[in-house]
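Single-structure report; data block below.
Whatever order the structure lists ligands and atoms in, that order sets their numbers, starting from 1. Please read these numbers as outputs of a predicted model, since none were measured by experiment.
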Amino acid sequence: MNKTIKVAALLGAVALMATPLAAKKIKWKLAETWPSTLTPLASPPAKVAALVKEMTDGKFIIKVEGKEKHKAPLGILDMVKGGQYQMGHSGSYYWKGKDINTVWFTTVPFGMTPSEQYAWFYYGNGKKYMKEVYDKFGVYNYPGGNTGNQMGGWFRKEIKTPADLKGLKMRIPGLAGEVMAKLGVNVTNIPAGELYTSLDRGTIDALEWVGPGMDIKMGFYKVAPYYYTGWHEPASEMQFMVNKKAFDKLPKNYQVILETAMKAASFDMYVENFAASVDAWAKMKKDYPNIKVRTFPPAVIKALKKAADEVYAGYAAKNAKFKEIYTDYEAYMKKAREWTMMMQGGYLKLNEELAK
Ligand code: CA
């Protein structure tokens with residue numbers, strides 16, 4: 001062996017020793033609640049996988065599996081907790097049967113707007129509470145993309161009074177479902193892939209899904225033409241879950257890459273969904289003239305707000321952590337809303353005046 005080859009071999013050995021973990025190929029699997037074609041909800045996992053692969057020169061591979069593959073859209077938390085999947089992408093409020101405090105990290109009825117909620121999460125106590133709530137599941141949690149304020153849902157018949165809600169069978173998840181139940185609605189949660197069929201077959205009379213960008217292509221308007229504005233999901237944040245043991249075993253630089261990719265992909269989803277709704281809304285009146293856009297009348301909204309306050313008070317009375325987060329959330333919202341109204345509300349009002 002000549003001297004040059006010896007030096008090259010030595011340098012190669014040193015490089016390998018310096019990055020023993022990074023040199024090994026890592027293969028993970030991610031299960032998502034959505035069918036893998038259901039963008040924008042299914043966009044963040046695919047983007048994370050692509051970004052992580054690129055940033056690690058193909059050494060860290062995340063295989064994304066949609067609902068069509070694992071068949072357990074509402075079993076993601078269990079599968080990530082159990083380690084069958086290292087990662088998951090879902091909605092935190094789907095786990096309210098396991099812990100009611102998971103609802104705070106998606107959205108709550110009459111709650112904060114996306115800007116307010118992000119401020120609470122990153123610069124208030126939101127992130128701290130999320131860690132506290134999810135610690136017992138053995139998973140780390142990260143924001144996974146926001147839908148913004150959602151539409152209130154599709155109804156077969158017009159809702160004119162609170163009495164019109166009585167006996168209605170509706171798909172509506174999270175705390176909003178409990179609010180509707182207080183007004184006599186038979187509430188159920190149905191995964192995305194079965195929504196249209198359930199509505200078409202009459203298993204349900206009404207449903208809420210997301211907003212025009214996602215709703216119109218699902219065809220709900222064919223069965224239920226009354227499209228209501230929202231009150232129940234003002235800032236729905238999706239959720240990335242990562243199995244703690246798997247994450248802790250990653251090399252430090254891969255941990256940073258993964259966290260950065262999740263944040264970038266989440267922001268992209270917020271923008272992608274907003275843009276999709278802008279386009280869908282602009283075309284809706286012309287392309288789908290049978291869709292009747294409505295806002296719930298004041299009496300219905302007041303009844304919903306009263307029921308929501310009862311639901312919050314009920315949980316706060318029996319769950320100390322709920323009370324703690326609720327108190328913190330409400331206080332932050334009150335403070336933030338003043339600025340939102342000043343900054344955003346004022347600007348929109350000014351533009352309305354100019355348009356007159
Ligand atoms: Ca929804």
Side-chain angles (χ1 to χ4, degrees), residues 32-35 38-44 67 73-74 76-77 89-97 100 102-114 117 143-155 159 165 168-181 183 185-199 203-221 223-224 226-239 266 269-270 272-274 276-277 280-281 291 293-296 301 304 307-308 311:
E32 57 188 344
T33 284
W34 342 104
L38 194 73
T39 56
L41 295 185
S43 298
K67 173 241 167 189
L74 301 177
I76 309 290
L77 175 56
H89 189 255
S90 191
S92 183
Y93 64 3
Y94 292 146
W95 326 125
K96 83 178 175 67
I100 190 62
T102 53
V103 298
W104 299 108
F105 314 110
T106 307
T107 186
V108 291
F110 301 106
M112 294 195 229
T113 65
Q117 189 167 285
N146 202 294
T147 66
N149 188 17
Q150 296 198 358
M151 286 294 281
W154 300 86
F155 293 74
I159 304 298
L165 291 170
L168 218 66
K169 288 174 284 179
M170 183 174 185
R171 181 269 182 194
I172 176 166
L175 278 189
E178 296 186 35
V179 173
M180 278 292 196
L183 299 183
V185 175
N186 293 317
V187 171
T188 175
N189 188 18
I190 296 168
E194 297 149 40
L195 288 175
Y196 182 80
T197 321
S198 306
L199 193 62
T203 313
I204 48 174
D205 307 305
L207 60 80
E208 69 74 56
W209 180 225
V210 179
M214 293 200 69
D215 291 6
I216 290 174
K217 59 186 177 190
M218 301 279 270
F220 304 138
Y221 62 89
V223 191
Y226 289 94
Y227 196 21
Y228 277 88
T229 58
W231 57 278
H232 66 307
E233 295 205 34
S236 301
E237 184 70 39
M238 302 304 114
Q239 164 199 38
S266 298
M269 191 202 107
Y270 180 43
E272 184 187 354
N273 183 62
F274 188 87
S277 281
W281 191 257
I291 296 176
V293 178
R294 297 282 187 277
T295 291
F296 289 117
I301 285 292
L304 288 166
V311 169

*Could you walk me through whether Ser236 and Thr107 pass side-chain hydrogen bond (donor to acceptor under 3.5 Å, both in side chains), step by step?*
CA-CA 5 Å; Ser236 301; Thr107 186; 4.5 Å; no
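Ring geometry for Trp281 against Tyr227 counts as tilted: the plane angle lies between 30° and 60°, on a 0 to 90° scale.
Residue-level check: among N/O/S atoms of Glu208, OE1 sits closest to the Ca ion (ligand 1). Within Glu233, OE2 is the N, O or S atom that lies nearest to the Ca ion (ligand 1).
At least one N, O or S atom of Gln150 sits under 3.0 Å from the Ca ion (ligand 1). In summary, an N, O or S atom of Trp209 is located under 3.0 Å from the Ca ion (ligand 1).
Between Leu175 and Tyr93, every side-chain heavy-atom pair lies at or beyond the 4.5 Å cut-off. Residues Val179 and His232 are not in side-chain contact: their nearest non-hydrogen atoms beyond the backbone lie 4.5 Å or more apart.
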